[in-house]
Amino acid sequence: MKFNDAIPGALFLAIAIFAFIHAGSFMRFPGVPYGPDLFPRIIAVMMGGGGLILIVQGLRSANRAPWLELAGWARAWRSYGIFFAVVAAVLFYVFLSGTLGFLLTGFLMLTGLFLVTRGLSTILSSVALALGVTVLIHFVFAEALRVPLPFGLIERWLV
């Protein structure tokens, strides 16, 4: 998928304006000649300048190139199915991880995503891979980094 440069340029400019305005709300420290908004505003100005350059370049080439050109993969229905599966998996995690717990929710989510992306013919390896990845993620975050992950349903069996 290819966009005309003016489209991401406008997006960068909008984000830069938002960041510049929001940085003004950072609390100032007494006696310091510059505030915590200085560096975010410098970055926002540079990002906005880059966005303006992209907008100008995009408008110059607007009559020679289309605003949006879809690649072959973007025309395939399977790509849209995978996209919606990822969105559904994230919503599944957000709404059910507190009740089901991280381990069960992560396992079900990853199994579903692996089946959608790899196909139903790989069900055993998808289940095994989902189980291994879920346990690995749980170990890294809950044990090594001490991030509290919800236990949900399995808490009754662990206690």
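Residues Leu120 and Leu124 share a single hydrophobic cluster, defined by chaining ILVMFWY side chains whose heavy atoms lie under 4.5 Å apart. Met47 is connected to Leu11 through a chain of hydrophobic side-chain contacts under 4.5 Å among Ile, Leu, Val, Met, Phe, Trp and Tyr, so both are in one cluster. Phe39 and Ile15 sit in two unconnected hydrophobic clusters of ILVMFWY residues. Membership requires side-chain heavy atoms under 4.5 Å apart, directly or through other members. The hydrophobic cluster containing Leu91 does not contain Leu108, counting ILVMFWY residues as joined when their side-chain heavy atoms lie under 4.5 angstrom apart, directly or transitively. At a threshold of 4.5 Å between side-chain heavy atoms, the hydrophobic network of Ile, Leu, Val, Met, Phe, Trp and Tyr places Leu153 and Leu149 in one connected group.
Between Thr111 and Ala130 the shortest heavy-atom distance is OG1-CB, 3.2 Å. The minimum heavy-atom distance linking Ile123 with Leu115 is given by the pair CA-CD2, 3.7 Å. Thr117 and Arg78 make their closest contact through O-NH2, 2.6 Å (heavy atoms, listed as atom of the first residue, atom of the second, distance). The heavy-atom pair separating Ala19 from Ala44 by the smallest distance is CB-CB, 4.2 Å. Closest heavy-atom contact between Gly48 and Ala16: N-CB, 3.5 Å. Nearest heavy atoms, Ala85 versus Val116: CB-CG1, 3.9 Å.
Taking the side chain as every heavy atom from C-beta outward, Val94 and Val90 approach each other to under 4.5 Å. Ser97 is not listed as a side-chain neighbour of Phe102, based on a closest heavy-atom distance of 4.5 Å or more.
Side-chain atoms of Asp5 never come within 3.5 Å of backbone atoms of Leu54 as a donor-acceptor pair (strictly under, hydrogens ignored).
Distance CZ/Phe107 to CG/Leu129: 10.5 Å, rounded to 0.5 Å. Within the model, atoms CG of Leu96 and OG1 of Thr105 stand 6.0 Å from one another, a figure rounded to the nearest 0.5 Å. Distance check: Phe141 CZ to Leu136 CG gives 9.5 Å after rounding to the nearest 0.5 Å. In this structure, the separation between CG on Leu100 and OH on Tyr93 is 11.0 Å, given to the nearest 0.5 Å. Separation of atoms CD1 (Ile21) and CD1 (Ile17) is listed at 7.0 Å; rounding is to 0.5 Å. Summarising the geometry, atom CE belonging to Met46 is positioned 13.0 Å from atom CZ belonging to Phe12; distances are rounded to the nearest 0.5 Å.
Under the side chain to side chain donor-acceptor pair (under 3.5 Å) criterion, Arg60 pairs with no residue at all, not counting sequence neighbours.
Using bins of under 30°, 30° to 60° and over 60° for the plane-to-plane angle, the ring pair His22/Phe18 lands in the parallel bin.
Listed by first then second residue, pairs satisfying side-chain hydrogen bond (donor to acceptor under 3.5 Å, both in side chains) with a partner in residues 126-148 read Arg118-Ser126, Thr122-Ser126, not counting sequence neighbours.
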